[in-house]
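Take a look at the structure set out below.
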Amino acid sequence: MPATTWSRHHILSLADFTVTEYDTVLQTAASFREVLSRRTKKVPTLQGQVVANLFFEPSTRTRSSFEIAAKRLSADTLNFASSTSSITKGETILDTAKTYLAMGTDIMVIRHKQAGVPQAIAQEMDRLGVKVSVLNAGDGQHEHPSQGLLDLFTICSLLEPSHPRLELLKGKKIAIVGDILHSRVARSNIWSLTATDTELHLAAPPTLLPKLFADCGQDRPGKLFLHWNLESALEGADFVMTLRLQKERMTAHLLPSLREYHHLFGITRSKLQLCKSHVKVLHPGPVNRGVEISSDLMDDPEFSLIQNQVTSGVAVRMALLYLIGSGKIS
Ligand code: NCD
């Protein structure tokens with residue numbers, strides 16, 4: 001593993017991540033990717049530590065990815081799903097967290113539909129004076145830092161597989177298209193993808209991309225642009241990230257119809273002709289096939305990085321667990 005001076009105890013947001021922190025995560029993840037390519041894909045790094053996955057909201061890839069990442073590091077894992085837990089009997093979230101603390105948990109990976117829950121639990125752990133680290137695995141519409149970091153790793157690894165680093169993004173044009181309003185993935189990616197001298201273009205119908213998103217681009221090394229049509233965002237893009245229409249978070253009729261949305265903002269092979277010829281497409285999943293991206297494009301390895309993102313996710317989450325967990329190994 002690379003020598004590291006990592007000092008961040010909880011990972012709750014990318015808003016204040018430094019270039020050094022991004023590069024440490026990318027480099028550490030590259031080392032773990034090498035471990036994952038071996039016949040024995042396991043290292044003893046977190047042996048004896050307990051990683052609890054506290055998912056108060058449904059998840060397929062993030063929960064499984066954290067679980068396999070913890071197991072590859074030889075940690076003991078506890079999995080919790082709120083629908084089958086004492087939450088249904090009225091237990092509070094903080095009491096659930098304290099229960100896992102009392103069982104010797106070292107790292108809590110937390111997902112909740114309400115923004116701020118991982119932070120509230122982190123504050124409670126700090127108040128109690130315990131060394132438990134909290135990792136935000138997605139809180140409401142706020143942030144999803146591990147997804148932002150795995151997207152960054154996927155892009156930088158494509159640009160230079162042996163040495164992924166933030167500066168590789170310099171001068172690149174990246175477009176994020178879709179339901180930005182409801183997306184914690186977009187919010188984390190806005191921080192990471194403007195952390196160096198890039199052009200980040202956000203595109204969506206006005207109902208899914210309010211003007212206030214322009215504020216996120218202030219005082220960032222990268223430039224942020226907002227588009228209410230797709231074409232200008234795609235022109236000359238090196239990477240296009242599409243986002244799921246989050247119907248479960250939509251409280252009003254924000255779109256005329258899914259068909260019209262696909263026609264105007266769905267990513268298809270023909271629309272990609274506006275981009276650079278080497279353009280690649282990302283999507284955090286889960287995908288509404290034929291809505292935000294055409295089904296054939298999603299499965300086309302020439303353009304789609306969607307499976308690479310899932311694979312990258314394990315190495316990046318191993319890196320995050322290692323960086324916040326290794327401080328406790330004496
Ligand atoms: C995302 C999430 O849950 O925020 N998915 C993920 O973690 N891979 C995006 C989504 O739900 O659309």
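Read the numbers this way: they start at 1 and go in the same order the structure lists the ligands and their atoms.
- Residue-ligand proximity, H144 to ligand 1, at heavy-atom distances under 4.0 Å covers atoms 2 (C), 4 (O), 6 (C), 7 (O).
- Between D296 and R269 there is a salt bridge, since at least one side-chain N of the basic residue sits less than 4.0 Å from a carboxylate O of the acidic one.
- Scanning all protein heavy atoms for the shortest distance to atom 4 (O) of ligand 1 gives R184 NE, 2.7 Å.
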(message) Run R289 and D299 through salt bridge (charged side-chain N to carboxylate O under 4.0 Å, His left out) and show every step you take.
(response) CA-CA 10 Å; R289 278 181 182 264; D299 297 328; 2.9 Å; yes
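- Listed by atom number, the atoms of ligand 1 under 4.0 Å from V185 heavy atoms are 1 (C), 4 (O), 9 (C).
- Scanning the protein for heavy atoms near atom 10 (C) of ligand 1, the closest one is R244 NE, 3.4 Å.
- One side chain, E143 or S188, offers a donor N or O that lies under 3.5 Å from an acceptor on the other.
- In this structure, R111 has a heavy atom closer than 4.0 Å to ligand 1.
- Polar contact with ligand 1: absent for P286 (N/O pair, distance under 3.5 Å).
- Considering only non-hydrogen protein atoms, atom 5 (N) of ligand 1 sits nearest to G285 O, 2.8 Å.
- Between the side chains of H112 and E57, no donor N or O sits under 3.5 Å from an acceptor N or O.
- Listed by number with element, the atoms of ligand 1 under 4.0 Å from a non-hydrogen atom of P284 are 8 (N).
- Checked against a 3.5 angstrom limit, the closest N/O atoms of R61 and ligand 1 fall outside it.
- In this pair, F225 and H227 present their aromatic rings tilted. The plane angle is within the 30 to 60° band.
- Environment of NE2 in H263: sparse, with no more than 12 heavy atoms of neighbouring residues, nucleotides or ligands closer than 6.0 Å.
- Residue E57 places no N or O, backbone or side chain, under 3.5 Å from any N or O of ligand 1.
- At distances below 3.5 Å, not a single donor-acceptor pair connects side-chain atoms of R72 with backbone N or O atoms of L36.
- Residue contacts with ligand 1 leave out G138, since none of its heavy atoms falls under 4.0 Å from the ligand.
- Taking the six-membered ring for Trp and the full ring otherwise, F56 and F80 have centroids separated by under 6.0 Å.
- Listed by atom number, the atoms of ligand 1 under 4.0 Å from T62 heavy atoms are 6 (C), 7 (O), 8 (N).
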